[in-house]
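What follows is one structure encoded as structure tokens, with my remarks underneath.
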Amino acid sequence: MSSAGRLPTGGRIDRARPIKFSFDGRSMSGFAGDTLASALIANGVSLVGRSFKYHRPRGILSAGSEEPNALVEMRAGARREPNTRATSVELFDGLQAQSQNRWPSLGFDILALNGLVGGFLSAGFYYKTFMWPAAFWEKVYEPLIRRAAGLGRSAGAEDPDHYEKSHAHCDVLVIGGGPAGLMAALTAARSGARVILADEDFLPGGRLNAERQEIDGAAGSIWAATVAAELSSMPNVRLMRRTTVFGVYDGSTYAALERVNDHVAVPPPFQPRQRMWRIYARRSILAAGALERPLVFANNDRPGVMLAGAVRSYINRFAVTPGQRLAVFTCCDDGWQAAIDAAAAGISIEAVIDSRAEASPALGGELGKRDVRIFRGAEVIRAVGSRGLQAIEVRDASGRISSILCDALAMSGGWSPITHLTSHLGGRPVWNESLPAFVPGTLPSGMSVVGAANGAMALARSLAGGRDAGASAARDFGRSASDAPLPKADDEPATVRALWHVSGGRGPAFVDFQNDVTAKDVGLASREGYRSVELLKRYTTLGMATDQGKTSNVNGLAILASELAQPIATVGTTLNRPPFTPVSIGALAGHHRGKDFRATRLSPLHEWAKTHGAVFIESGAWLRASWFPRPGEKDWLESASREVRAVRSAVGLTDVSTLGKIDIQGPDAGTLLDRVYCNTFSTLAVGKARYGVMLREDGFVMDDGTTSRLATDHFVMTTTTANAVGIMRHLEFCHQGLWPGLDVQMTSISEQWAQMAIAGPKSRETLARIVDRQHDISDAAFPYLTAREITILGGTRARLFRISYSGELAYELAVPAGVGNAVAAAIMEAGTDLGIQPYGLEAMGIMRIEKGHVAGSEINGQTTARDLGLGKMMSKKKDYIGRVLAERPALAAPDRWGLVGLKPVDWTTRIRAGAHLIPIGAATTTANDLGYVTSVAFSPSLERWIGLGLISGGASKHGTRVRLVDLLRGSDIEAEVCDPVFYDPKGERLHG
Amino acid sequence: MRIRCPYCGERSNDEFYVLGDADALTARPSGENAEAFHEYVYQRTNLAGLHRELWYHSNGCRRWLVVTRDTRTHEISDVTYASKRGEGEAA
Amino acid sequence: MADRKIASRSALAGLAKSGALGVSKGVPGVRIREITDFAAIGIIARRGRAAEVAAILSRHVGSPVVDAAKRAGAGAVSITGTAPGQWLAISRGPGTSLDELRTELAGLAAVTDQGDGRLIIEVTGPRARDALAKGVAIDLDAGVFKVGDAAQTSAAHIGLQIAPIDEAPTFEIISARSTAASFWSWLESSAAEYGIDVA
Amino acid sequence: MKYSIFSVLREGLRGGKGWTPAWREPEPKPHYDIVIVGGGGHGLATAYYLAKEHGLTNVAVVEKGYIGSGNVGRNTTIIRSNYLLPYNTHFYEWSMKLWEGLEQDFNYNAMVSQRGVLNLYHSDAQRDAYVRRGNAMRLAGVDAELIDADGVRAMAPFLDFENARFPIHGGLLQRRGGTARHDAVAWGYARGADSRGVDILQNTEVTGIRIEAGRAVGVETTRGFIRAGKIGLACAGNSSRVAAMAGLRLPIESHVLQAFVSEGIKPVIDQVITFGAGHFYISQSDKGGLVFGGDIDGYNSYAQRGNLYIIEDVHEAGMALWPAIGRLRTLRHWGGIMDMSMDGSPIIDKSPIDGLYLNCGWCYGGFKATPASGWCFAHTIARDAPHALNAGFRLDRFASGRLIDEKGAGAQPNLH
Ligand SMILES: Cc1cc2nc3c(=O)[nH]c(=O)nc-3n(C[C@H](O)[C@H](O)[C@H](O)COP(=O)(O)OP(=O)(O)OC[C@H]3O[C@@H](n4cnc5c(N)ncnc54)[C@H](O)[C@@H]3O)c2cc1C
Ligand SMILES: NC(=O)c1ccc[n+]([C@@H]2O[C@H](COP(=O)([O-])OP(=O)(O)OC[C@H]3O[C@@H](n4cnc5c(N)ncnc54)[C@H](O)[C@@H]3O)[C@@H](O)[C@H]2O)c1
Ligand SMILES: Cc1cc2nc3c(=O)[nH]c(=O)nc-3n(C[C@H](O)[C@H](O)[C@H](O)COP(=O)(O)O)c2cc1C
Ligand SMILES: [Zn+2]
């Protein structure tokens, strides 16, 4: 033998390509085509991990993604991946794996003591204890439990690899590339249909690679390779290896995970580690095969006890041998094949134990000649050994118990179709007593199931089923499937007699290996009343581990059925949920992390703001210029105060491009506006702007903004930045859903126009320098609330609105987005000698608070127009959205919280938003809560801290004093309640 | 979930914004009847079965659609424009 | 649109530098070109006037414009259906204008300028489909999404309009200006493994 | 049998032969004083407190599946009392107090774990809103702390502080918040109620409500008619369907909320953390799985499962917040059907029909309410009048405008 455990010949491995890897720091080697599990076996490793609860030593149970035991931490550092199934890791050069859930070492694990007191730690023990003293839970008990539980360790640093998503469409999605899936895909593909074949393995062929059956007179694996090659060459086919279809969603949407680069140490540059696919398939053919069931007997978890089908995979596909002396324990015909294959590979067969007294003598065939001990009607009652298997105890048909030395035991409890994906939309598999197994029940629409997944546990039937399903799918698209003859193959014997639990052996008999759920636990749960399968699952954790009970669920519920003396069909199964196998969180996020989590919107004036040194902040999807620091300024407040002073004394320019802008045209535009705003717009004169307030139908304020009339049938609406998208949607709803008869056309023009406010006493003078001469913007020609289309800078189209958020003489100028930066620069240049300064969101916020204008902190969905002092805008003359419910008693109550201004009595004291208003001398309790501070600012104009707030009774409280209580930050400040307009209450500056 | 927009074709539900019961939401009462508005705004039949509901094709043609969908299975049986005149604005 | 005396800035200015990106061996799988000189208007027919509007549009581009998600026009002007009774008209080339069309539509349709709010790119190359499929969920297959078809959809949470404009295939993608940087980040990372050439 | 370390040791020695059922499986009686429809957390807690606080033991809980098959068995287990509006603050705080003594009270370890709930904020506006809320909590005697970005970093250094699209500015922390073992809550209440004489009738679906002379007098079930002096509905996501049996329409829509659990790993996160710039929240179960969730799917559903869009959305937010979880794997995801009310707050009230009582509208936050909900509902049924703690949770508040809308989202349930 070339190395311990490696067979001298055979296998679908590339002996010309040796691969170095390490496990627990020990370097080893394998070959290309190995999995980590097969390579470990080749290197004589049988102890690979520790179980969840009892920290029992565990080896390798399976050869596929159902593996519950051989979980390792792959890679290291930021790429560490806990709980990786060694059985589905493709070996690569430099692979590093470590065992997990053990301390200090895999061979000696302190917590294995748990196993010794297993009698006390039976299912649900923690629900019954750890209750006293109560304070001990978080401090003592829970940390212990948490540390002992879990499995591997997560990486401590950001995942350095990148992930992506992609979409695919096809006529037929074939899930699984075993004989059934390959045949289905081939048949559909030859008809010309668009086919995707996905298989989670890196080598197509399914069981054909693990078994020695022949197709068309050659090894099945050769047939598989030939078919895969033909499929790969067809333009209408996408053959996806290393791709697990993990979920079925509504509307024939399938989710798949492609492990693009898990078989290399580090993904090549620009390539993702994994790619998540959404596949939209008109038809799907599930050909996922079947899972072999373990047998439940004492110490059945000892390393060396393996599924019989896995033993065949290791011998036939990987040319490794799990042991030198193999015994086989089965209750079905298929189990015998392990012995036959092992014998053919030169492995010594110590015994074949079949629980069926009537097992056909033909099954032994070859074996008989080799003098293999064959037991019929016998059972393995116990495995002996600790970190490896040493012997088995067999109870023969007469009840006599004998011990057989062996280092590997292949067990087969029969096969269960992989029906998982049939259940993701709620379908329940149904019990088929003759298999015996659960087979697909109601299927997702468009899905058919073939091969072992459909209970066809034999090769020829799998091929035929695949061909028929492929042809029928093709016919659904009006294509005729070529009548290529079925390849020739035989059906192997496949009868089973269920054997759910072998009692009588000393030691725990595991049902769920990973979570250490034993047959005894199942019995206990049933005795304690947790009798629904779902309660059994939740009480014992059966089927809740990383393998989701792939090897344990059926055994568990069968044992429950026998405890309850009910048929399995009545007991039923637990619900399968996606994903079929666990999917990395990174893959489900794809590109969307870090800065790419969500799109960033940049204003058309972004460059301009950047040039002036803006500090940007995230504001919803936007980045907005918050303030423009100058050298020597110590904080944002100093900068923003300076900006405010510039606006109040000279002129400032700020970016308001992020406001929503909606173009509304048509003869009925005014009518629509009247219905969506609480105030009236149909009467607005052409060339004028008006402030409007929209209510929700429940009577609360939805949004505000100005709307201007550019022509009789043409309005331009602005919305707040935050609500831009929502208001457009709302208007479309009102139009299309409520009043389709209106002749109105609405278009978002938010992206089209850059918009800037030019504010301050010198704003007109500044603007006049860029506005084309033919447009008169003098106060007389262009008074407050004028809105007109003009040109600037020698012909550039623009819209000029004389509106003011700052309270100064001010304009908003809209220009096409492409020239936004250039226009802003031109205005700055024009205003240099007038003292123009850029100002940001902070300064804007200060000025609107000085003016008592409401914003997002006041229009918070809990306030009415009356609460905000806008009650007089609610028209009495017309119907509009929100009118009726705004009159509900509680919305019109006098003690509602209304908008007021707040001034700390000591003007130097800083106040903060979020503080609550409490009467002076009253207890600081909810009962005395009068309202809260919504917004605050240091007003450079008033040189003091000011705030807006909502207070019970609103304006009636002007002149009274309250405490602003901020318990979180420990402040309690006396303030006077006042009118919310602190600055220029008469509004004279607007008209300058 | 896949919704067949009459204008854009079949798309996944992430291209849409969903508002809820179409029968309730488009049946806006008129006048002063507070009880009728209370029903309209707050009360829902909340059917387990075929449910006519409003979806807005926000990442497509921006039409409001009435989708008939079984709330028990998510199966969609019909999609139309919320405004009858949707197609070609012919009215 | 009136003449501009000042320079317009493209949506991708400062982002997409011309040259090679991503994997650099062999022929780039994806070639990307930003269209910077163009004008665009949004057109919404007045109630009941869609057919008349379509007729005018057809005349204007010299090929039939239908009320559906289709793109008409092979020359400088293209017209794409965006919703029932709604179209986006684009005119490419230096100093382009759609003013004439706008005048013809007066009274029949609401017209809005849209060119400044848009990013237009063309994506082509043997791996263009693979790269785009990483965000675009519609079926981009040559047999399904044909020249003359158009769709509004999204990629990477960003809305866009897409149309195959030749069989190379070349896809014209129109998206919003404000999200151009994020869109570019997605496109670049999606196409990088095939090699990118930015025109 | 009393559960304790001693009983565990004793049974451990005897091979567990002495354990008895946690609850009986009785045959339905023809008449009960009170029938509670719905064997979820709220229904079972109601029965428990009816028996314990009001001495009413001729009570049945009627459950169509197995107990805990609804939302109590599928939620993300977060308990907290960090509410803004007065009715909610006091009610949820009472619930928190009950949680704090629950296990000793019903003699079942529900693993109530007060490891803290941290809500992150990412902007000044969000901070101000949290300050408003935190102060409201403190006024009500609830613990709340505001912490800044450095404070967050000290508690959860693994979050993305370097490259985040929405940088973390700080958080609102409730240290007494945490998690509880969801199933065990249902089981503990069931066992407690059963031991006081309550009949728990599993696999018994209510198919009709019989009304005689304007009064609800009993329920039709798949196991026959059961006459009842009073009927309390605690059917969460199915509230509208059951209320419709009595001819009632409710201000409720049923929506699906999905949840996720990762493979088990060694302890990495102590608190419950919620992301403020996307829909995502996460904690770690005692088994080691990261338990997380996000937004509701948004459409009406009774299907207990959702769709890919939200699944991806949640994972995107997860990676945005905590990029080291990229290589951990999502093990399972599922959905639950929630009774989304029109203002996002619950209803515990008498119905317009005599003898019929309503407990619904819990949205995605009703797990934490379980003890107080049961306690208040029991009071409301037993005394035929609401307790002060649930006096605001009235059915007629939508008509009167006395809404309890924490988010200000208005009458659109999928936004709450
Ligand atoms: C995914 C998810 C995450 C959540 N996360 C949290 C969280 O972190 N924190 C939090 O506080 N809340 C959370 N919730 C909400 C919380 O779970 C629910 O609000 C709460 O459990 C509802 O109360 P319940 O326990 O009584 O409901 P359920 O457990 O749903 O009980 C209702 C019961 O009524 C039964 N029933 C219905 N119809 C009938 C009928 N006709 N006849 C008989 N029986 C019937 C049902 O079978 C069900 O068992 C979450 C919910 C979900 C779905
Ligand atoms: N005699 C018996 O008792 C018995 C029992 C079971 C199987 N078999 C043999 O097994 C074969 C069955 O053929 P088959 O084609 O039905 O199954 P198969 O097991 O040969 O192939 C199934 C394939 O599906 C893949 N797969 C499973 N789930 C997947 C998913 N979610 N996404 C992507 N890929 C997935 C697997 O990797 C595998 O390659 C026959 O050769 C049959 O003889 C025999
Ligand atoms: C807090 C919590 C933790 C969970 N942990 C696990 C787990 O570790 N393994 C698992 O398989 N399922 C876990 N689940 C999910 C359940 O298996 C199940 O999916 C969920 O309770 C919904 O039930 P259903 O899938 O049967 O509809 C968990 C559920 C919750 C609520
Ligand atoms: Zn559409």
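In the text below, chain A, chain B and the rest are named by the order of the sequence lines, each starting its count at 1.
In this structure, the separation between CG on D:Asn414 and OH on B:Tyr17 is 6.0 Å, given to the nearest 0.5 Å. Put simply, CD1 on D:Ile348 and OG on D:Ser373 are 4.5 Å apart, with the number rounded to the nearest 0.5 Å. Considering CG of D:Asn307 and CD of D:Glu312, their distance stands at 10.5 Å, rounded to 0.5 Å. How far CE of D:Met340 is from CG of B:Asn46: 11.5 Å, rounded to the nearest 0.5 Å.
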Using the side chain to side chain donor-acceptor pair (under 3.5 Å) rule, take B:Thr71 and B:His51 through it: C-alpha gap first, then chi angles, then the decisive distance, then the call. CA-CA 7 Å; B:Thr71 55; B:His51 190 236; over 6 Å; no
Just do the side chain to side chain donor-acceptor pair (under 3.5 Å) check on D:Glu63 and D:Ser69 with the steps written out, would you? CA-CA 9 Å; D:Glu63 165 55 50; D:Ser69 53; 3.3 Å; yes
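Side-chain contact check for D:Tyr87 versus D:Asn390: every heavy-atom pair is 4.5 Å or farther apart. Put simply, the side chain of D:Asp343 reaches to within 4.5 Å of the side chain of D:Phe398, judged on heavy atoms. With contacts defined as side-chain heavy-atom distances shorter than 4.5 Å, the pair B:Trp55/D:Tyr299 qualifies.
Formation of a donor-acceptor pair under 3.5 Å by the B:Asp70 side chain with backbone atoms of B:Arg72 is found in this model. A distance-only check finds a donor-acceptor pair linking the side chain of D:Thr204 to the backbone of D:Gln202 [under 3.5 Å].
There is a side-chain donor-acceptor pair under 3.5 Å between D:Asn238 and D:Arg241. Checking B:Thr68 against B:Arg52 by side-chain atom types alone, no donor-acceptor pair falls below 3.5 Å.
Remark: aromatic rings of D:Phe292 and D:Tyr281 are distant, center separation not under 6.0 Å. Not less than 6.0 angstrom separates the ring centroid of D:Phe280 from the ring centroid of D:His315.
For residues 401-413 of chain D, the interface with chain B (any heavy-atom pair closer than 4.5 Å) comprises D:Leu403, D:Ala411, D:Gln412, sorted by residue number. For residues 244-260 of chain D, a heavy-atom distance under 4.5 Å to chain B picks out D:Arg249, D:Leu250, D:Pro251, D:Ile252, D:Glu253, D:Ser254, given by residue number. Contact residues of residues 355-363 of chain D toward chain B are absent (heavy-atom distance under 4.5 Å). Contacts of residues 23-42 of chain B with chain D at a heavy-atom distance below 4.5 Å involve B:His38, B:Glu39, B:Val41, B:Tyr42, listed in sequence order.
Under 4.0 Å is where a charged nitrogen must lie from a carboxylate oxygen, and between B:Arg69 and B:Glu53 at least one such pair does.
A cation-pi arrangement is absent between B:Arg63 and B:Tyr56, since the terminal nitrogen or guanidinium carbon is not both under 6.0 Å from the aromatic centre and inside a 45° cone about the axis.
With a threshold of 4.5 angstrom between heavy atoms, D:Asn300 approaches chain B through its backbone and through its side chain. No part of D:Ile337 comes within reach of chain B, as not one of its non-hydrogen atoms sits under 4.5 angstrom from that chain. Contact annotation for B:Thr45: both backbone and side-chain heavy atoms come within less than 4.5 Å of a heavy atom of chain D.
More than 12 heavy-atom neighbours from other residues, nucleotides or ligands sit within 6.0 angstrom of CZ on D:Arg74.
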